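Remember, predicted model here, so these are calculated numbers, not experimental data. Note that ligands are numbered from 1 as they come in the structure, with each ligand's atoms numbered from 1 the same way.
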Amino acid sequence: MSEHSRYQELRAHLAFLRMTAAAEALPAALDEAKAANLSHQDFLERLLSVEVEAVDERRRASLARFASLPSPFTLADFDFSAQPSVDKKMIDELATLRFIEDATNVLLIGPPGVGKTMLAVGLGHAAVAAGMRTYYTTAAELAARCHRAALEGRWATTMRFYAGPRLLIIDEVGYLPLPAEAAAALFQVVSQRYLKGSIALTTNLGIASWGKVFNDDPMVAGAMLDRLLHRSVVLNIDGDSYRMRSHRARAEATRKAVAGS
Ligand code: ADP
Ligand code: MG
């Protein structure tokens, strides 16, 4: 076989295996191998590492797209000095993602603006970076999606969808009371992930008032809390809204500037 047809054969193999990055890198890699007198082993290692990197990059990008995280902020962006009720050691421990290994849930409880969403999303980014399938939703979105699914006969598929990710973030539970059907959907999602996959859940409601989310149905609220809390980390965040805080700081600076002029 001529060198040229062997080269064509090699390209065809790579194309058949869908190793597009390696196929593209092949001519340069061959030239390099010749020029540097590389061993077969070194040549093959270099060519394959190009492909591995490309696949890894694609996988990461697709995980990030799927996760639908609503902001780019990571845990490193969180200002702990602004929020003394958040234990940095606890967040550092969560950032190791060991909690996902044993399907522990994380409950972030506190009033608006204290950084609940930011922390949950930060955990999401950490999980995505570690190659873990993650999905972010608000409770309202989850309810709407389940409602559509019920109408269109896709309930089981949708429940499987919410069971899939290693980490499911459910943001803003309790901001709106859930209709009975939505409460049932949330209950089923929590139940089927129980001891199998982690949920990071944010809520403005203290645990004692969870009945409200479920139309004052204390049975459902209790059953759901049992499953959520059984293996969980609860972060009670109190203190000032970060938005209000920076708003106040700006107002203060303006006031000083005006007073000084
Ligand atoms: P919550 O979900 O508790 O209502 P958010 O996480 O949405 O609060 O935070 C409100 C805003 O303030 C966001 O823009 C967030 O990035 C910012 N923020 C809140 N807490 C902090 C913090 N400790 N350090 C930096 N930014 C913060
Ligand atoms: Mg929020």
Any N or O on [X] sitting closer than 3.5 Å to an N or O of ligand 1?
X	value
V114	yes
P112	no
Q83	no

Using the test ring pair (Phe, Tyr, Trp, His ring centres under 6.0 Å), find all partners of Y135 that sit at least two apart in sequence or belong to another chain.
->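 Y135 satisfies ring pair (Phe, Tyr, Trp, His ring centres under 6.0 Å) with F66, F161 once adjacent residues are dropped.
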Sequence neighbours excluded, the answer for ring pair (Phe, Tyr, Trp, His ring centres under 6.0 Å) partners of F99 is none
Of G122, G113, A120, A82, which has the heavy atom at the shortest distance from atom 4 (O) of ligand 1?
-> G113
Residue that, paired with D171, satisfies side chain to side chain donor-acceptor pair (under 3.5 Å) out of T203, T138, T117 =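 So, applying the side chain to side chain donor-acceptor pair (under 3.5 Å) to D171 and each of T203, T138, T117, only T117 qualifies.
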Does F43 share a hydrophobic cluster with Y7, counting links as ILVMFWY side-chain heavy atoms below 4.5 Å and allowing steps through other members?
-> yes
Should V86 and L119 be marked as a side-chain contact (heavy atoms from CB on, under 4.5 Å) after you check the CA-CA gap, both sets of side-chain angles, and the distance that decides it?
-> CA-CA 10 Å; V86 175; L119 287 171; 4.2 Å; yes
Quick check: does T117 have an N/O/S atom under 2.8 Å of the Mg ion (ligand 2)?
->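 Short answer: yes, at least one N, O or S atom is under the cut-off.
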Under 4.0 Å from a heavy atom of M118: give me the atoms of ligand 1 that qualify, with their elements.
->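 Near M118, meaning under 4.0 Å from one of its heavy atoms, ligand 1 has 6 (O), 15 (C), 16 (O), 18 (N), 21 (C), 25 (C), 26 (N), 27 (C).
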At a non-hydrogen distance cut-off of under 4.0 Å, which region of D77 contacts ligand 1 (side chain, backbone, both, or neither)?
-> backbone
Q83 and I237: CA distance, side-chain angles, deciding distance, side-chain contact (heavy atoms from CB on, under 4.5 Å) verdict | CA-CA 8 Å; Q83 200 54 266; I237 312 179; 3.9 Å; yes
